[in-house]
2 protein chains.
Amino acid sequence: MKEGPDIALIGSLIGDPARANMLTALTGGKALTATELAGTAGITLQTASSHLSKLEAGGLITQRKQGRHRYFTLADDDVGLMIEGLMGFAAYRGFTRHRTGPKDPALRKARVCYNHLAGDYGVRMLDSLVAEEVITGVGDKLHLTPSGEDRMTTLGIDLPALTRLRRPLCRACLDWSERRSHLAGSLGQALLTLFLDKGWAKREPDSRAIRFTGTGETEFAKLFPLAVPSAVKRHHEDTVEA
Amino acid sequence: MKEGPDIALIGSLIGDPARANMLTALTGGKALTATELAGTAGITLQTASSHLSKLEAGGLITQRKQGRHRYFTLADDDVGLMIEGLMGFAAYRGFTRHRTGPKDPALRKARVCYNHLAGDYGVRMLDSLVAEEVITGVGDKLHLTPSGEDRMTTLGIDLPALTRLRRPLCRACLDWSERRSHLAGSLGQALLTLFLDKGWAKREPDSRAIRFTGTGETEFAKLFPLAVPSAVKRHHEDTVEA
DNA sequence: CTGACGCTTCGATCGTCATCGAAGCATCCG
DNA sequence: CGGATGCTTCGATGACGATCGAAGCGTCAG
């Protein structure tokens, strides 16, 4: 009653199925128009408009006018992380919409999480980066090591530009399919765009799935070799699954 | 519409103010009766009963009969983590119920997060444990190092008993007041109970706040010295706040 | 047994909100 | 200019659900 932040407000925003569908769609990272969102939510344009204004008032999404279209996106990384977090919780509890989790195994393999790489490949990438001591950190706060900075720069990533943004550079995001962390933050975003720019991977249309090309697979495997978990790590990690 | 877990279900459960209040109260860790929960939520016993059965059907809480009372608790650690996560998100957005965040600064200093220590002291403890290489890990998966195991055992913690539980031993939980991670999991729980058992700290009645005693303060400071962040870590950590 | 307590279930009421038709406003196109 | 497209606002409808009174059921005390 008295203490603490107001959860109910956010809960009620997400609690409506139509809004939840729109938010899930926006977690794909692409800016979508009101008409598109109405379509994916299965409602008319008017109701969608009503929902969108509520979501915007709640600070969960932002709109950007462009010509006669209005493009909607998630307000920022935090919203994406929160939603992925909720999806992870829901998935673990078996609250899936159509019985069998994400029916598309491609989603589990590699997908967009708002603006960065998630799924098996996302988790594998962070594992590898940690094993090679490019990234360290505990909890959701991660840091780039000095050697990591070099490595990212040689990869063609403009670190100064990223740090100039008033956003976290590295961040851990809980993966709902793998139930482990992958790399978010502006660096995570930069890496994904790098893959897309180099033609190593492509976005599936109308889906969060990401398809790696043949050369993309090999390049990815070369850059981020499978991390061999040390005996220490494995020791207690196995007690995690129930 | 098609893909992904069902967020809306959980959202709607949390979306009702009465239910949100009860859940927040239960995040205090104590088992509460229906009457108590009705009180904190400001509703009658009948409506509370209705809400509680919904929360139980949704898997968020569990009840335990004892005499003519029914004690309710959060279903497991995951629920607590999820709720703290949402509170963190809400707090960061300024969605506080009564204007000025948690009016009680004691809450920010040290409080119960379902079953472990949170707030300034909780964050400081994990920082210290990481700095002394008792705990390592990335994301929300944390591990105890071999030297860490020794240290916990000498502290009087029965590690074998903890690992026998089918629960994660270490886990990172995002602190809503500090916006950094603190230690959750069965080890986090064991440490808090240790503090309480030794008389170093006491729970405030009817609050999540924890008050450290004089000797408790000194013992805590001795066990978990302020971690001096290395230059590397600090480097990018400062870009986190907006 | 009787009475008190704790809680659930039932039933009725009421408010809120999601939904959509219709109209209004802006933008682009020719 | 007209017409088409994209979206918002208004207004009415309808449904779901939160709320509480009253009754029912188990438990404990004496």
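Values below: every heavy atom of this structure, side chains too, minus hydrogens, waters and symmetry copies. Throughout, a chain's letter reflects where its sequence line sits, starting with A, and its residues are numbered from 1. Keep in mind the model is a prediction, meaning the values are calculated, not measured.
Remark: P of C:dT19 and CD1 of A:Ile43 are 6 Å apart, rounded to the nearest angstrom. Between the P atom of C:dC17 and the CG atom of A:Leu9 lies a distance of 11 Å, rounded to the nearest Å. Straight-line distance from the CG atom of B:Asp16 to the P atom of D:dC16: 17 Å, rounded to whole Å. Distance A:Leu52 CG to D:dT8 P: 7 Å, rounded to the nearest Å. If you take CD of A:Gln66 and P of D:dG6, they are 14 Å apart, rounded to a whole angstrom. Between A:Ile14 atom CD1 and C:dA18 atom P there is a gap of 14 Å when expressed in whole angstrom units. As rounded to whole Å, 14 Å separates atom C1' of D:dT8 from atom NZ of A:Lys54. For the pair B:Leu37 CG and C:dG6 C1', the computed distance is 13 Å after rounding to whole Å.
In this structure, A:Glu178 does not pair ionically with B:Lys141, as no charged nitrogen and carboxylate oxygen lie closer than 4.0 Å. At a threshold of 4.0 Å, the pair B:Arg111-B:Asp175 counts as salt-bridged, since one of the basic side-chain nitrogens sits closer than that to a carboxylate oxygen. Salt-bridge formation is detected for the pair B:Arg167/B:Asp77: a Lys NZ or Arg NE/NH1/NH2 atom is positioned less than 4.0 Å from an Asp or Glu carboxylate oxygen. By the 4.0 Å N-to-carboxylate-O rule, A:Lys30 lies too far from A:Glu204 to be salt-bridged with it.
Using a 4.0 Å heavy-atom cutoff across all strands shown, B:Thr33 reaches sugar-phosphate atoms only and no base atom.
Listed candidates were C:dT8, D:dT19, C:dG21. Nearest to the side chain of B:Phe72 is C:dT8. The listed nucleotides are C:dT8, D:dT8, C:dT27; the one nearest the side chain of A:Lys65 is C:dT27. Checking D:dT19, C:dA18, D:dG21 against every side-chain atom of B:Gln46, the shortest atom distance belongs to D:dG21. Closest to the side chain of B:Arg68, out of C:dT19, D:dA29, D:dT19, is D:dA29. Picking from D:dG6, D:dT8, D:dG21 the nucleotide with the shortest atom distance to the side chain of B:Thr44 gives D:dG21. For B:His51, whose side chain is taken as the heavy atoms from C-beta onward, the closest listed nucleotide among C:dT8, C:dA18, D:dA18 is D:dA18.
Checking the phosphate oxygens (OP1, OP2) of D:dA18, a side-chain nitrogen or oxygen of B:Arg19 falls inside 4.0 Å. The side chain of B:Thr47 places no N or O atom within less than 4.0 Å of a non-bridging phosphate oxygen (OP1 or OP2) of D:dT19.
Both cation-pi conditions hold for B:Arg179 and B:Tyr92: the charged atom is under 6.0 angstrom from the six-membered ring centre and inside a 45 degree cone around its axis.
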